[in-house]
Amino acid sequence: MITIAGLTRSYGLRPVLRGVDLTADAGSITAIFGPNGTGKSTLLRVLATLIRPGGGTVSVAGCALPEQSEAARSLIGAVLHGPLLYSELNADENLRFYARLYDLPAPTARIDALLERVGLTRRRRDPVRVYSRGMQQRLAVARALLHQPQVLLLDEPYTGLDPAGTALLDAVLREQAQSGAAVVLTSHDLEHGLALADQVVVLARGRVQLATPSHEFTPEAFMARYAEVVA
Amino acid sequence: MKRYFKVIGAVVWKDLAAELRSRETVSAMIVFSMLMVLVFSIALELNRGARESTAAGVLWATALFSGTLGLNRGLGREQDRGTLEGLLLAPADRSALYFGKFLSSWVLILAVQVVTVPVLSVLYNFNLAQPLVLLSLILGTLGYTGVGTLLSAVSAQTRARDVLLPILLLPVSVPVLMAGVQSSGGALAGEPWSELMIWFSLLVTYDVIFLAVAVMVFEAVVGE
């Protein structure tokens, strides 16, 4: 579903990604870990078509980037650092706006179902500006799932979520993977990421230092290996 | 094509709905316009004849400066709250996003003129709401907003956008200012259409050229 080979990307003269190779299969969850500034967000932004790869090849849901970016966008859902929501509009209006951008026919049932799934049905008419950070994050997840994407990209999606929100997001991500989507997320929580993901990846110094099935590690062994890899 | 217009409609609806709720941009533009009209009125303490000759200039200076405020807020606010990425993630033609932002800004700029023109008419004691003056305003603000929306996409990506947008936009808008002042001033002075036509033609030409250029380069500007 996602195939990356030799991906490079620089900001000005500063290289951030120095030759990333990675594969994420349909129906799986891939968790990417790494120290701050190591290129995790840049990698997700390349996959989301927000920035162009500097070099190498990238294919997302069968679309080569950047050549087929527009086609890829209809197959990608993304939760980035910001919730990408309009604070003056309510949850319903935000989702309706994005439904029109994604050209979803008759989106009402889908919006109702998603708001129910993320637990915001009762607050759907409240403007987003009165939402807590966690509620905004749940609505951001609903926004990303609106068009039933084949690839779901999430950049530190657990930020601001309480334990109930974390459990909800875990369940939603597992549902997405079970329905055949490729889910890729970045996280700093090694133990939680290891428990959730099918594949764990450690990105450091602009390269993938470790990419392996999560069942190969116990939490302790993974933390030790992570410390060794990023040292 | 239907989808293209759907995206434009969605962006315009979203911008105007958000503005109706907050009224942040349009109220700032109206207050700024009123202050400019008042400042000009005090600074140019003129007799009636002189006022007629300067009214068009005051009208256009007010329209352009208050318009800059609105344009700065448009894409700048999207950039500040990160929602520009939400627009760019959508599988929509970038030019449709451009037209959506352009139309919503144009509606706000025209709405401000709906307030400014009567106030200016009262303070200057003669009727500015004449068909050719209004046509000049509509055509002039069209091109101004078109190029302003593009340049606000450039300036929105910088930290100095409040300063950068006027610096980029006002020099490019000199033809609009010139043709706008001449066409509306001529209309107020009762000049015949044959004399005014050249200025209206300049406004239409400016609109066509800059809208076409903006559509062509918008994707490159917001591409990264």
Side-chain angles (χ1 to χ4, degrees), chain A residues 9 11 41-42 44-54 61 63 66 68-90 92-105 107 127-129 136 139-140 143-144 146-147 149 151 153 155, chain B residues 1-27 73-101 103-104 108 153 156-158 218-224:
Chain A
R9 169 72 203 196
Y11 290 119
S41 296
T42 300
L44 284 202
R45 290 169 66 80
V46 169
L47 295 176
T49 76
L50 287 172
I51 55 177
R52 288 167 173 265
C63 302
Q68 296 172 297
S69 291
E70 193 168 333
R73 281 182 206 119
S74 62
L75 306 171
I76 296 170
V79 176
L80 303 175
H81 276 297
L84 314 185
L85 301 169
Y86 293 91
S87 57
E88 300 89 350
L89 307 182
N90 62 37
D92 205 58
E93 290 167 335
N94 268 286
L95 294 185
R96 276 182 199 285
F97 167 63
Y98 280 105
R100 290 172 76 184
L101 286 190
Y102 282 84
D103 197 27
L104 302 187
V128 167
R129 69 168 179 274
Q136 289 190 20
L139 184 56
R143 175 195 51 72
L146 194 59
H147 55 294
V151 172
L153 307 169
D155 197 358
Chain B
M1 205 58 180
K2 190 180 164 195
R3 182 172 183 185
Y4 190 86
F5 287 108
K6 198 172 175 182
V7 170
I8 294 175
V11 174
V12 172
W13 171 83
K14 180 268 296 173
D15 279 351
L16 296 183
E19 183 57 32
L20 272 175
R21 308 268 165 84
S22 70
R23 295 193 180 91
E24 279 176 17
T25 305
V26 82
S27 54
R73 298 281 296 167
L75 275 161
R77 195 157 53 167
E78 299 270 10
Q79 180 77 21
D80 284 347
R81 56 186 174 189
T83 46
L84 185 57
E85 290 185 340
L87 297 179
L88 299 178
L89 282 169
D93 194 309
R94 302 292 202 235
S95 64
L97 299 176
Y98 165 80
F99 275 120
K101 296 304 293 182
L103 282 174
S104 54
L108 291 187
Q157 297 172 37
T158 68
F218 187 72
E219 175 155 14
V221 170
V222 296
E224 290 202 6

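First the proteins, then the strands, lettered A, B, ... as listed; each starts at 1.
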Residue set satisfying side chain to side chain donor-acceptor pair (under 3.5 Å) with B:R21, at least two apart, ordered chain then number -> A:E93

CD of A:E88 to CZ of B:R23, rounded to nearest 0.5 Å, is 12.0 Å

Turns out that what part of A:S69 lies under 4.5 Å from chain B's heavy atoms comes down to neither

Bottom line for A:R96: the part with an atom under 4.5 Å from chain B's heavy atoms is neither

Taking every heavy atom of B:K6 against every heavy atom of A:D103, the minimum-distance pair comes out as NZ-OD1, 2.9 Å

d(B:I8 CD1, A:R100 CZ) to nearest 0.5 Å is 11.5 Å

What one should report as the nearest heavy-atom pair of A:L101 and B:R3 is O-NH2, 3.7 Å

Tabulate below the donor-acceptor pairs under 3.5 Å that side-chain atoms of residues 77-85 of chain A make, not counting sequence neighbours, or state none.
| residue | atom | partner | partner atom | Å |
| --- | --- | --- | --- | --- |
| A:H81 | NE2 | A:S41 | OG | 3.4 |
| A:H81 | NE2 | A:D155 | OD2 | 3.3 |

Scanning both residues in full, the closest heavy-atom pair of A:E70 with B:D93 reads OE2-N, 3.9 Å

In this structure, CG of B:L88 is separated from CZ of A:R73 (nearest 0.5 Å) by 7.5 Å

CD of B:E85 to CD1 of A:I51, rounded to nearest 0.5 Å, is 9.5 Å

Distance col, row A:H147:NE2 vs B:L89:CG, nearest 0.5 angstrom, shows 8.5 Å

Nearest heavy-atom approach of A:L89 to B:A17 is CD2-CB, 4.0 Å

So CZ of B:R77 and OH of A:Y86: to nearest 0.5 Å the spacing works out to 10.0 Å

Whatever's closer than 4.5 Å to a heavy atom in chain A on B:E19 counts as neither

